[in-house]
Amino acid sequence: MRIATFNVNGINSRLPALLRWLEETQPDVACLQELKAPQEKFPEMEIRAAGYCPIWHGQKSWNGVAILARGTEPQELQRGLPGDPDDEQSRYIEAAVNGILVACLYLPNGNPAPGPKFDYKLRWFERLRLRAQELIATGAPVVIAGDYNVMPTELDVYKPERWLDDALFRPETRAAYQRLLDQGWTDALRTMHPGEVIYTFWDYFRDAYGRNAGLRIDHLLLSPALAPKLKAADVDRDVRGREKPSDHAPTWVELDWPKLG
DNA sequence: ATGGCAAGCGAAGCTTGA
């Protein structure tokens, strides 16, 4: 069973690229972020025509997350990250798919730091930590996938010294990610590629992709019940090099788990 | 150190992203 995460940077402007990738790689579950579309502008017909059943949480202009399941309806469990009823941003959705609890997130960027946006990021991170603790305590097979906007270590940044004060790499941010891992989560991509330079994002500026000036910020965390089932994890890097690409590449895990259908 | 690019909104140029 393959579960992927892909920050599409606008689902409607990215639709041809998304459909091509789905057709080519046939993930069983795809977690999408940065839909940048209100609820009613999600391209449900096109996604269903491609064989995927979606649930999504849209928002005008910014954010937005979705979970797509191939040939089966995701059973939605949670919409919005608990812990702050005043948080209007669409950054979190959870569903059960084929016996696995799938959480899809788009963690706040947090720049400029310090400042209110960075404070929001850290508060959001703390809410995530509490939710993740609840999920891990159930003992269920869980994957929390998405754009975490965190480079966990220096190995995950093309030029660490340039990013020290950035919200994606500041000590507080890395510490928050580490606290999450300390609950018992497995960072799937790093586990399968220890010591390897492997990125999931290249910005649009100055030929960052061509120079491999990238970041590893899209992660799939596996609960203890699921980590032993990890068979492979990788990045569909070539997708970033195509026409009209997202600035992120799809990232995925292959699990020893019965396939859908 | 800065600005480079892309997308949404809305119909130019600002905001946001990372």
Side-chain angles (χ1 to χ4, degrees), chain A residues 5-19 21 31-43 46 56-66 87-92 104-122 124-125 128 145-174 176-177 189 197-219 235 237 239-251:
Chain A
T5 180
F6 187 14
N7 180 322
V8 293
N9 188 17
I11 185 132
N12 286 302
S13 56
R14 205 69 56 220
L15 194 56
L18 173 63
L19 294 176
W21 169 73
C31 298
L32 308 181
Q33 303 87 32
E34 277 208 86
L35 304 180
K36 291 187 171 180
Q39 192 68 12
E40 65 275 13
K41 293 245 178 97
F42 183 91
E46 293 87 343
W56 68 97
H57 193 196
Q59 182 182 331
K60 189 181 177 186
S61 303
W62 314 115
N63 310 318
V65 287
D87 187 353
E88 305 274 330
Q89 301 189 26
S90 298
R91 296 180 173 276
Y92 188 87
C104 170
L105 65 81
Y106 174 46
L107 208 137
N109 174 303
N111 278 307
K117 291 190 175 182
F118 190 58
D119 296 341
Y120 173 63
K121 178 176 194 161
L122 295 180
W124 205 96
F125 230 133
L128 174 62
D147 177 357
Y148 284 70
N149 271 315
V150 181
M151 295 85 88
T153 72
E154 294 196 348
L155 185 59
D156 303 313
V157 201
Y158 66 99
K159 221 172 242 192
E161 68 276 12
R162 286 238 179 130
W163 289 82
L164 290 172
D165 290 329
D166 191 278
L168 280 69
F169 197 55
R170 286 175 69 97
E172 303 95 315
T173 305
R174 280 184 274 170
Y177 185 79
L189 191 61
V197 170
I198 181 165
Y199 300 137
T200 67
F201 167 92
W202 299 260
D203 81 29
Y204 291 120
F205 311 144
R206 299 189 305 182
D207 192 29
Y209 181 67
R211 297 183 297 117
N212 198 29
L215 310 172
R216 189 174 75 94
I217 55 178
D218 299 275
H219 309 302
V235 179
R237 198 181 187 286
V239 172
R240 177 63 180 84
R242 296 176 179 174
E243 286 293 306
K244 266 182 80 69
S246 169
D247 38 7
H248 296 250
T251 306

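So you know, we letter chains A, B, ... as the sequences are listed, proteins then strands, and number each from 1. None of the values given here were measured: they were computed from a predicted structure.
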Please report the closest heavy-atom contact between A:R211 and A:F205, naming both atoms and the distance.
NH2-O, 4.5 Å

Any A:K36 side-chain N or O less than 4.0 Å from OP1/OP2 of B:dC9:
no

Using atom C1' in both nucleotides, what's the gap between B:dA7 and B:dA12 to the nearest angstrom?
15 Å

Whole angstrom value for the distance that separates C1' of B:dA18 from OH of A:Y209
18 Å

d(CZ, A:R170; P, B:dA18) in whole Å
17 Å

Remember a base hit wins even if backbone is also touched, and classify A:K121 as base, sugar-phosphate or nothing at under 4.0 Å, heavy atoms.
nothing

Scan side-chain atoms only and decide if A:Y209 and A:R237 contain a donor-acceptor pair under the 3.5 Å cut-off.
yes

Between A:R206 and A:A37, whichever has its closest DNA chain B nucleotide further toward 5' is A:R206

So which nucleotide from B:dC9, B:dA18, B:dA7 ends up closest to the side chain of A:K60?
B:dC9

Taking only the side-chain heavy atoms of A:R162 (C-beta and beyond), determine which of B:dA18, B:dA1, B:dA6 contains the nearest atom.
B:dA1

Does A:S13 make a side-chain N or O approach to OP1 or OP2 of B:dA6 shorter than 4.0 Å?
no

Rounded to whole angstrom, note down the P distance from B:dG10 over to B:dT16.
15 Å

Mind calculating the distance between CG (A:L15) and P (B:dA7) to the nearest angstrom?
13 Å

Taking the C1' atom in each of B:dA1 and B:dC14, what is the distance between them to the nearest angstrom?
23 Å

Once you measure the plane-to-plane angle for A:Y148 and A:H219, does it fall in the parallel (<30°), tilted (30-60°) or perpendicular (>60°) bin?
tilted

Say you pick atom C1' in B:dA18 and the same atom in B:dT2; how far apart are they, in whole Å?
15 Å

In whole angstrom, give me the gap between the P atoms of B:dC9 and B:dG4.
25 Å

Classify the nucleic acid contact of A:D147 as base, sugar-phosphate or nothing, counting any heavy atom under 4.0 Å across all strands shown.
sugar-phosphate

For A:K36 and A:N9, test the side chains for any donor-to-acceptor distance below 3.5 angstrom and give the result as yes or no.
yes

Side-chain contact test, heavy atoms from C-beta onward, threshold under 4.5 Å: evaluate it for A:P108 versus A:R91 and give yes or no.
yes

Whichever of A:N9 and A:W62 has the more 5' nearest nucleotide on DNA chain B, that residue is A:N9

Between A:N111 and B:dA18, is there a contact of a side-chain N or O with OP1 or OP2 at under 4.0 Å?
no

Quick one: A:Q33 CD to B:dG17 C1', roughly how many Å, whole number?
14 Å

A:A66 to A:C104 - nearest heavy-atom pair and separation
O-SG, 3.5 Å

So what does A:N7 touch, heavy atoms closer than 4.0 Å: a base, only the sugar-phosphate, or nothing?
sugar-phosphate

Any side-chain N or O of A:H248 below 4.0 angstrom from OP1/OP2 of B:dG17?
no

Which is true for A:Y106 with a 4.0 Å heavy-atom rule: it touches a base, it touches only sugar-phosphate, or it touches nothing?
sugar-phosphate

